[in-house]
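Just below is one structure, and these are the notes that go with it.
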Number of protein chains: 4
Amino acid sequence: MFRLDGRQNVPIYEQVVRRVKELTLRGVLKPGDKLPTVRELSAMIVANPNTVSKAYQELERSGVIETRPGKGTFVAERIRVEPDERIKADLRERLWPVVVDAVYFGVRLKEFEAWVREAFNELGGESGEPKA
Amino acid sequence: MFRLDGRQNVPIYEQVVRRVKELTLRGVLKPGDKLPTVRELSAMIVANPNTVSKAYQELERSGVIETRPGKGTFVAERIRVEPDERIKADLRERLWPVVVDAVYFGVRLKEFEAWVREAFNELGGESGEPKA
Amino acid sequence: MFRLDGRQNVPIYEQVVRRVKELTLRGVLKPGDKLPTVRELSAMIVANPNTVSKAYQELERSGVIETRPGKGTFVAERIRVEPDERIKADLRERLWPVVVDAVYFGVRLKEFEAWVREAFNELGGESGEPKA
Amino acid sequence: MFRLDGRQNVPIYEQVVRRVKELTLRGVLKPGDKLPTVRELSAMIVANPNTVSKAYQELERSGVIETRPGKGTFVAERIRVEPDERIKADLRERLWPVVVDAVYFGVRLKEFEAWVREAFNELGGESGEPKA
DNA sequence: GTGGTCTAGACCACG
DNA sequence: GTGGTCTAGACCACG
């Protein structure tokens, strides 16, 4: 469940952050669910507690999880707001170099869009209009 | 033309790599065009020559540019082959965390696809079938 | 009456301390009123008895409440003395980082003062001269 | 300039964060100024580089400073926007317990307001209306 | 038992 | 030389 890729270039704490986000989006982790303690998770993935701690801190700052002192760490209630322009600009900036390389390597729009759709489906992303 | 963003989080050498790729995709740089020398470019963008050198090395490894000793560095002829599975897998891996955050922040598929299409258009990416 | 915020960053025992102080300032708790026992309160707010106990100890040390062995815990008579310089220095030290961030975020003095006045009013703080 | 209080209850990294904010507000540190490196500062205040690093990271996330890889860390340009309601609510929440204790100890509104004004003056906070 | 803070010290990417 | 990441391990506040 919390398995990481390991051999990757991505820092461990960043992998943990991503993994937890994924699991909440996929519904595997639901609001109120207890996460493993820092020490438990660090044992599971064979990493230093500090590294996991850093990931948890980042997740807390992003509002994905919340720490109840002495009780543990829990998945936070998701507060859904419309994404603001700064967030969108940031996402487009991060999308850009991926598209640059895709185009460079001759990937066609159709195929790239299929990848996007698959990813959205896998994550339960909304495809229609705002829920108004 | 080679201006960079400067205060971004992306390493300078990586910004140079992306910029050159973009310029070739957009047709601003064409096969056979001469690039500035490492020293010229490092002066232009106020960076360390080592940094530019590293970018050129990476671009050469990717086949984007080629060095003709004693003559300079030139945009390479683009050899278009179908992208192999390793490249596609890598691109999807890089796309994934962007989609995770997009879904997390409530961006809808329609909007994300629009971003993708815009990026493809801007880069002259092919939308149809292989030219085969 | 003793409900806490729960998911806040403030330790539970500290929340209890503040809450009791507030209730006495607001006049909801008056001198001589009996407080719930440690066990009762810990049940009410779903916390560890040790936690409540720690809060009561701190409140007793500050002279807010007093324990009469075998009888329970009671709101103490408020002995109003002029605050000494040590207390004032401490309060200013605690005020300081709040003002730093307020200024940093562009809050104007007028608005900040309005917050202060509202808080004083809500707590029945004296605005005039010492009662001498 | 970067001297800390030392004996305080506040974590070292938090003291560094506050100190840098203060220095920028007071104009001692100006946009573009270079901060000491993590290792320099950690030597100055006799703390671990990691601790200083944590402070710098927090300052960067808040937009107070920015890191230019390989060049060092610099005071960021201040982008002044009107503080939003979330920030204000947070500041009032932090102000509240200070006022509670002030009222409890019999500090009068007049005096407390004087403290606030002094702090604003010292930090160069604006007292008038928005600059439009 | 829970996470938060800190130290000491290593290795690495970037410039 | 610069900061970023990580490990190993200690101490502490909170519950």
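Throughout, protein chains are lettered first and strands after them, A, B, ... in sequence-line order, and every chain is numbered starting at 1.
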Short side-chain to backbone donor-acceptor contact, Lys54(A) and Thr51(A), under 3.5 Å: no

Side chain to side chain contact (heavy atoms under 4.5 Å, CB included) evaluation trace for Phe74(A) with Leu35(A): CA-CA 6 Å; Phe74(A) 300 82; Leu35(A) 289 167; over 6 Å; no

Please report the distance, rounded to the nearest Å, between [atom1] in [X] and [atom2] in [N].
{"X": "Ile12(C)", "N": "dT2(E)", "atom1": "CD1", "atom2": "P", "value": "16 Å"}
{"X": "Glu58(A)", "N": "dG3(E)", "atom1": "CD", "atom2": "C1'", "value": "17 Å"}
{"X": "Leu4(B)", "N": "dC14(E)", "atom1": "CG", "atom2": "P", "value": "15 Å"}
{"X": "Arg68(A)", "N": "dG4(E)", "atom1": "CZ", "atom2": "P", "value": "14 Å"}
{"X": "Gln57(D)", "N": "dT5(E)", "atom1": "CD", "atom2": "P", "value": "13 Å"}
{"X": "Glu60(D)", "N": "dT5(F)", "atom1": "CD", "atom2": "P", "value": "10 Å"}

Pairing string, 5' to 3', for DNA chain E - Watson-Crick or wobble contacts under 3.5 Å, brackets [ ] where pairs cross, | to another strand: ||||||||||||||.

Members of residues 37-56 of chain C that approach DNA chain F, where some heavy atom sits under 4.0 Å away: Asn48(C), Thr51(C), Lys54(C)

Lys/Arg cation over aromatic Tyr13(A): Arg18(A), 6.0 Å, 45° cone: no

Arg61(A) to Tyr56(A), cation-pi by 6.0 Å centre distance and 45° axis angle: no

Phosphate OP1/OP2 of dC6(F) contacted by Tyr13(A) side-chain N/O (<4.0 Å): no

Phe2(D) CZ to Glu40(D) CD distance, which is reported to the nearest 0.5 Å: 10.0 Å

Atom pair CG (Asp101(C)) and CG (Leu123(D)), whose distance is rounded to the nearest 0.5 Å: 10.0 Å

Heavy-atom closest contact (Pro36(B) atom, Met44(B) atom, distance): CB-CE, 3.5 Å

Side chain to side chain contact (heavy atoms under 4.5 Å, CB included) assessment of Asp84(C) paired with Phe105(D): CA-CA 9 Å; Asp84(C) 65 29; Phe105(D) 289 120; over 6 Å; no

